[in-house]
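Hydrogens, waters and symmetry mates play no part in the numbers below; they use all other heavy atoms, side chains included. The model shown is predicted, which means the values in this text are computed figures rather than measured ones.
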Amino acid sequence: MEETKDLIQQRRDKLDEIRKFGVEPYPHKYEPTHTSSAIHQDFGEIQETPDDTQPIRVAGRIMTKRDHGKSSFAHLQDGEGRIQIYVRRDKVGAEPYKIYRRFDSGDIIGVEGVVFRTRTGELTVLASAIQLLSKSIRPLPEKWHGLQDKQTRYRQRYADLIMNPEVKDVFLKRTQIVQAIRDMLNSQGFIEVETPVLQPIYGGANARPFTTYHNTLEQPLYLRIANELYLKRLIVGGFERVYEFSRDFRNEGMDRDHNPEFTMLELYQAYADYHQIMALTETLIADTSEIIHGTTKIHYQEHDIDFTPPWRRVSMVDAVREYSGIDPGPLSPDELYTAAVNVGVELVGDETKGKVIAELFDAFVEPKLIQPTFIMDHPIEVSPFAKKKPENPEFVERFEFFISGMEVGNAFSELNDPVDQRQRFLEQANSLAAGDDEAFMMDEDYLRALEYGMPPTGGLGIGIDRLTMLLTNQYSIRDVILFPQMRPEN
RNA sequence: GAGCCGUUAGCUCAGCUGGUAGAGCAUCUGACUUUUAAUCAGGUGGUCACAGGUUCGAUCCCUGUACGGCUCACCA
């Protein structure tokens with residue numbers, strides 16, 4: 001950055017001056033006795049007279065500095081908040097005060113002193129000793145408006161986190177959300193496992209993969225688009241309740257709810273069907289909201305959302321009929337196709353009836369599903385790992401759930417009939433041959449696993465990024481991913 | 001991939017109909033021992049994203065490029 005060179009040069013000059021005082025600007029350690037919030041807790045009652053009996057040490061980044069000749073106020077920011085410090089030349093000594101005058105906002109310092117309350121009532125550390133812990137040579141953004149530019153905020157998340165406490169709060173909440181879900185699953189006997197990110201055969205979802213190459217094996221490998229097939233192998237192996245927070249990679253477009261790498265929770269429960277998984281899903285998410293917010297009613301963007309179970313359950317066909325006015329039930333494939341085209345759905349012409357139903361759903365229903373809603377019983381053509389409905393083999397036992405017009409999760413009664421599964425793979429292989437680059441690859445080893453026998457199993461995937469968006473009221477997935485994907489700067 | 005919008009000092013932003021750029025904060029100098037957007041006085045700081053074009057003259061108009069945002073498409 002040529003433009004900042006002057007300001008950086010000024011700070012480098014100060015660095016040299018500080019060294020001339022015999023001070024090492026980048027020491028190896030410091031031992032604080034208190035965090036900022038611990039000071040606020042322990043000394044909340046204190047009045048204007050300093051408590052000389054309890055000296056403390058606190059460390060943090062100088063965020064503001066107000067020099068007044070022979071004394072100075074500053075605010076330190078640490079991992080938990082801010083605390084004001086008061087530095088007086090007569091308390092720290094003439095030379096240390098000279099050194100302190102060369103400190104800038106952004107510098108990280110340690111302060112030893114006693115706690116008191118100023119005339120205006122602010123809890124403050126009266127410094128007796130100050131130590132530079134790290135000199136900052138790049139100026140912080142402006143103190144009042146913070147860092148606003150989205151591009152800089154995403155590219156330099158560190159600066160965003162320093163300047164915008166509400167951003168830090170979002171990511172703290174994200175961690176709490178994951179932790180809450182993990183705790184709940186663990187308490188229900190689920191086992192957390194790790195499965196391959198590098199896969200010789202990708203599968204479990206419809207998406208184009210990222211491809212890489214292993215030099216020693218001399219073979220292409222794919223970054224996983226899902227971990228579904230590995231987790232179900234573990235069900236075959238006898239782990240009856242498994243889950244994984246999986247970083248998945250899909251080589252698709254990016255927008256407000258898609259990042260090329262994202263986090264999905266997948267879980268599988270032996271002997272359960274999708275009705276049980278529905279109950280687990282609504283409880284899991286309602287309880288997560290309760291843990292994070294103390295309530296199951298939240299505000300997301302312009303909507304009030306109520307996670308309180310039970311959520312609405314509606315079949316995809318019924319939802320299409322309700323929102324599009326087209327009842328797919330009695331129509332022939334040709335009639336449905338014509339009806340869909342007439343209401344403006346763009347189709348290429350070779351869609352099956354089930355595909356058209358799914359297209360009508362995407363166009364007319366999905367954006368309208370604001371309150372948590374289970375959409376059930378998808379067409380079989382779009383659901384190659386779900387079990388057929390016993391009474392109607394054109395549809396499967398599957399559900400997706402939608403909140404605020406966004407798909408947040410996907411689940412089914414897992415297909416465990418190896419012969420049926422092979423047939424579904426073959427249909428996918430035909431699509432692949434016909435040019436559908438998002439169709440599945442045949443996975444013989446997965447079929448072999450199913451041939452050993454997989455118990456009836458319910459499976460679930462939840463988009464953790466999207467769930468975090470909802471629970472932190474963030475509009476874009478980039479605001480819940482610490483380092484979202486960006487084009488190179490130059 | 002398409003459309004619309006944006007890119008001006010370290011940061012946040014103004015800049016009218018085309019006449020070679022401003023503010024606040026930051027920074028620097030000086031004053032100041034209870035301030036907190038400290039205050040007061042005085043300074044420094046710009047390839048107006050980049051490259052072309054039109055024009056006597058372009059931050060401003062036109063074209064292209066880069067990056068970003070939003071919307072749509074693709075996509076769960």
request  = If B:G18 has a Watson-Crick or G-U wobble mate with both distances under 3.5 Å, name it; if not, just say none.
outcome  = none
ask   = Side chain of A:Asp67, base of B:C32: donor and acceptor closer than 3.5 Å?
value = no
message = What's the closest nucleotide to the side chain of A:His68 if the choices are B:U12, B:C32, B:A26?
response = B:C32
Pair A:Tyr274 + A:Phe412: ring centers closer than 6.0 Å = no
request  = Classify the nucleic acid contact of A:Arg89 as base, sugar-phosphate or nothing, counting any heavy atom under 4.0 Å across all strands shown.
outcome  = nothing
query = Can you tell which of B:C67, B:U33, B:G24 lies closest to the side chain of A:Glu142?
reply = B:G24
ask   = Would one find a side-chain N or O of A:Lys143 under 4.0 angstrom from OP1 or OP2 of B:A26?
value = yes
query = For the rings on A:Tyr268 and A:Tyr230, is their centre-to-centre separation under 6.0 Å?
reply = no
Whole-angstrom distance between B:U8 and B:C48, as gauged at atom P = 11 Å
request  = Could you check whether A:Gln84 gets within reach of a base, just the sugar-phosphate, or nothing at all, counting any heavy atom under 4.0 Å?
outcome  = base
task = Kindly check if the number of other-residue, nucleotide or ligand heavy atoms within 6.0 Å of CZ (A:Arg19) is above 12?
result = yes
task = For A:Lys14, report the nucleic acid contact type (base, sugar-phosphate, nothing); a contact means any heavy atom under 4.0 Å.
result = sugar-phosphate
inquiry  = Under a 3.5 Å cut-off for both contacts, is B:U39 paired Watson-Crick or G-U wobble with anything, and if yes, with which nucleotide?
reply    = B:A31
task = Tell me what A:Asp149 touches on the nucleic acid: a base, only sugar-phosphate, or nothing, going by heavy atoms under 4.0 Å.
result = sugar-phosphate
key: Pairwise 5' ranking along RNA chain B for A:His145 and A:Gly121, keeping only the more 5' one   = A:His145
request  = Assess the side chains of A:Arg224 and A:Ser246: does a donor N or O sit below 3.5 Å from an acceptor N or O?
outcome  = yes
message = Counting only side-chain heavy atoms from C-beta out, which of B:U33, B:C67, B:U35 sits nearest to A:Phe73?
response = B:U35
ask   = Is A:Tyr154 touching bases, backbone alone, or none of the nucleic acid, heavy atoms closer than 4.0 Å?
value = sugar-phosphate
key: A:Asp90 bridged to A:Lys70 by N-O distance under 4.0 Å   = no
ask   = C1' atom, B:A73 versus B:C13: distance in rounded Å?
value = 35 Å
ask   = Under 4.0 Å between a side-chain N or O of A:Arg66 and OP1 or OP2 of B:U35?
value = no
inquiry  = Taking only side-chain N and O atoms of A:Arg478, does any of them lie within less than 4.0 angstrom of OP1 or OP2 on B:C70?
reply    = yes
remark   = Between A:Ala205 and A:Arg119, the residue closer to the 5' end of RNA chain B by nearest nucleotide is A:Arg119
inquiry  = I need the CD-P distance between A:Gln151 and B:C11, as an integer number of Å.
reply    = 12 Å
query = Rounding to the closest angstrom, what is the interatomic distance between B:G69 and B:G22 at atom C1'?
reply = 26 Å
ask   = Taking the side chain of A:Gln10 as its heavy atoms from C-beta onward, which of B:U35, B:U27, B:C70 lies nearest to it?
value = B:U27
inquiry  = Please give the distance between the C1' atoms of B:A31 and B:A49 as a whole number of Å.
reply    = 42 Å
inquiry  = Could you check, using the six-membered ring where one of them is a Trp, whether A:Tyr222 and A:Tyr202 have ring centers closer than 6.0 angstrom?
reply    = yes
query = Considering only heavy atoms and no angle criterion, is a donor-acceptor pair shorter than 3.5 Å present between the side chain of A:His258 and the base of B:C75?
reply = yes
ask   = When all nucleic acid strands are considered with a 4.0 Å heavy-atom cut-off, which category describes A:Glu400: base, sugar-phosphate, or nothing?
value = base
message = Taking the minimum atom-to-atom distance to the side chain of A:Leu7, which one of B:G69, B:G10, B:U12 wins?
response = B:G10
task = Determine the Euclidean distance between corresponding C1' atoms of B:G53 and B:A58; express it in Å to zero decimal places.
result = 11 Å
Phosphate OP1/OP2 of B:C67 contacted by A:Arg487 side-chain N/O (<4.0 Å) = yes
Selection from B:C11, B:U34, B:G68 that lies nearest to any side-chain heavy atom of A:Pro141 = B:C11
ask   = Which whole number of Å gives the distance between the C1' atom of B:G45 and that of B:U54?
value = 33 Å
ask   = Can you find a heavy atom in the side chain of A:Val87 that is under 4.5 Å from one in the side chain of A:Ser71?
value = no
task = Select base, sugar-phosphate, or nothing to describe what A:Ala74 touches, counting heavy atoms under 4.0 Å on all strands.
result = nothing
inquiry  = Students often mix this up, so state it plainly: with edges at 30° and 60°, are the rings of A:Tyr243 and A:Phe245 parallel, tilted or perpendicular?
reply    = perpendicular
query = Any idea which of B:G10, B:U34, B:U12 is nearest the A:Pro139 side chain?
reply = B:G10
message = Between A:Asp273 and A:Ser413, is there a side-chain donor-acceptor contact under 3.5 Å, judged purely by atom types and distance?
response = no
key: C1' atoms of B:G52 and B:A66, separation to the nearest Å   = 15 Å
query = Aromatic rings A:Phe103 and A:Tyr100: how do their planes relate, parallel, tilted or perpendicular, breaks at 30° and 60°?
reply = perpendicular
ask   = What does A:Arg155 touch in the nucleic acid at a heavy-atom separation under 4.0 angstrom: a base, only the sugar-phosphate, or nothing?
value = sugar-phosphate
ask   = Is there a side-chain polar atom (N or O) of A:Arg256 under 4.0 Å from OP1 or OP2 of B:G69?
value = no
ask   = Hey, does A:Met406 reach any base, or is it just sugar-phosphate, or nothing, if we go heavy atoms under 4.0 Å?
value = nothing
key: Result of checking A:His40, A:His75, A:Glu122 against A:Ile83 for side-chain contact (heavy atoms from CB on, under 4.5 Å)   = A:His40
task = Indicate, with a heavy-atom threshold strictly under 4.0 Å, whether A:Gly463 touches base, sugar-phosphate, or nothing.
result = nothing
remark   = If pairing means Watson-Crick or G-U wobble with both distances under 3.5 Å, then the partner of B:A66 is B:U7
message = Could you tell me the Watson-Crick or G-U partner of B:A73, where both distances fall under 3.5 Å? Say none if there is no partner.
response = none
inquiry  = Using a heavy-atom cut-off of 4.0 Å across all strands, would you classify A:Arg82 as base, sugar-phosphate, or nothing?
reply    = nothing
key: Rounded distance in Å between the C1' positions of B:G46 and B:C11   = 15 Å
note = Of the listed B:U33, B:U12, B:U35, the closest approach to the A:Thr124 side chain comes from B:U35
query = What nucleic acid atoms does A:Glu252 come within less than 4.0 Å of, heavy atoms only: base, sugar-phosphate, or nothing?
reply = sugar-phosphate
remark   = Side-chain contact check for A:Ser476: nearest option of B:U12, B:C70, B:G68 is B:C70
query = Is it true that the side chains of A:Asn227 and A:Glu244 contain a donor and an acceptor less than 3.5 Å apart?
reply = yes
ask   = For B:C74, does OP1 or OP2 lie under 4.0 Å from any side-chain N or O of A:Arg208?
value = no
task = Classify the nucleic acid contact of A:Gln148 as base, sugar-phosphate or nothing, counting any heavy atom under 4.0 Å across all strands shown.
result = sugar-phosphate
ask   = Base, sugar-phosphate alone, or nothing: which one does A:Arg398 contact when heavy atoms must sit under 4.0 Å apart?
value = base
note = Per the under-4.0 Å heavy-atom filter, residues of residues 96-115 of chain A near RNA chain B come out as A:Arg101
